[in-house]
Amino acid sequence: MKNKLHETYRILLNNFGRQHWWPAKSKKERKFEICVGAILTQNTSWKNAEKAIENLRKANALSKEPIKNFPEKKIASLIKPAGYYNQKARKLKAFAGFLEKNSFEKLEKMPISKARGMLLKVHGIGRETADSMLLYALNKPIFVVDAYTKRIFERIFNIKFKDYDEWQDFFSSSLGRDTLLFNEYHALIVALGKDVCRNKPLCGKCPMQNRCNAKF
DNA sequence: CGCCAGGGCCTCA
DNA sequence: TGAGGCCATGGC
């Protein structure tokens, strides 16, 4: 399976090109933005999350202190384009509060599993969001599993796992611990999932159509 | 117009 | 532990 996963990556990269999501190195302010983005894009298109981020930026609210100090209603109104804005306002506040006692520097020095466990205790941070933060903000080699990942690999290889952690083990046991690879692979999976391997798939334009086990 | 986005929480068996 | 309801705007 190791070779197949690497081959799939190579095909997706050739077909879609580099996605330049979040860069490997970034400053503290940038890390915060990445984490905010990870929360705002929950079950939401990145375009809508981006609008919410720009609203926060224009209001000088895209950093820890204002997120912590502004009224929750105010945050909610700024992030309206991202949807679920009341819930997400609360989540952003919870994350800003978490950072009061836990700096990015501290998190980066911890073992991954410990940092992950701490993030998972924060309201609004589930496994995918925690892993996105670990991978894209803290540059930890952890594979992000989302709805696209499950759908795509269920179809291509006709495999299925019960829960999130089993999906993650499937990838990391085959691919090792390569932060840059995981960064780009997940972005490519999203590109394939949203434009081609949709709920109603467009198999005719899929770069994996020769190797895919799904029949439609 | 209906479908669905780069999920997670809560409740209830 | 798993299924199901809920949250909500905007692009297509």
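Chain letters run A, B, ... following the sequence lines, proteins first and then strands; every chain starts at 1.
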Out of B/dG6, B/dC9, C/dG2, whichever nucleotide has its closest atom nearest the side chain of A/Lys162: C/dG2

Protein-nucleotide distance (A/Asp165, atom CG; C/dG2, atom P), rounded to Å: 12 Å

Stepwise side chain to side chain donor-acceptor pair (under 3.5 Å) test for A/Thr44 and A/Lys88: CA-CA 11 Å; A/Thr44 300; A/Lys88 286 176 180 175; 2.9 Å; yes

Ring geometry between A/Phe143 and A/Phe182 (parallel below 30°, tilted from 30 to 60°, perpendicular above 60°): perpendicular

Nearest-nucleotide comparison on DNA chain B, the residue closer to the 5′ end among A/Gln87 and A/Asn199: A/Asn199

Residue A/Pro81, side-chain atoms from C-beta onward, closest of C/dG10, B/dG6, B/dC10: C/dG10

Strand DNA chain C as a dot-bracket string - pairs counted if Watson-Crick or G-U with both distances under 3.5 Å, | where the partner lies in another strand: |||||||.||||

Exam field: side chain A/Lys93 to backbone A/Phe70, donor-acceptor pair closer than 3.5 Å: yes

Pair A/Thr129-A/Gln42, side-chain donor/acceptor within less than 3.5 Å: yes

First of A/Lys51 and A/Asn43 reached from the 5' end of DNA chain C, by closest nucleotide: A/Asn43

Interatomic distance at C1', B/dG6 relative to C/dG5, whole Å: 22 Å

A/Phe153-A/Phe171 aromatic ring centre distance below 6.0 Å: yes

Heavy-atom donor-acceptor pair, A/Gln168 side chain to A/Ile142 backbone, under 3.5 Å: no

Sugar-phosphate only, base, or nothing, as touched by A/Arg198 at under 4.0 Å among non-hydrogen atoms: nothing

Sugar-phosphate, base or nothing in reach of A/Glu128, heavy atoms under 4.0 Å: sugar-phosphate

Stacked pair A/Trp21-B/dG6, distance under 5.5 Å, angle under 30°: yes

ring centroid sep under 5.5 Å plus plane angle under 30, A/Trp46 with B/dA5: no

Per A/Lys47 side chain, nearest of listed nucleotides C/dT9, C/dC12, B/dG8: C/dC12

Sugar-phosphate only, base, or nothing, as touched by A/His186 at under 4.0 Å among non-hydrogen atoms: nothing

A/Gln209 side chain to A/Gly204 backbone, donor-acceptor under 3.5 Å: yes

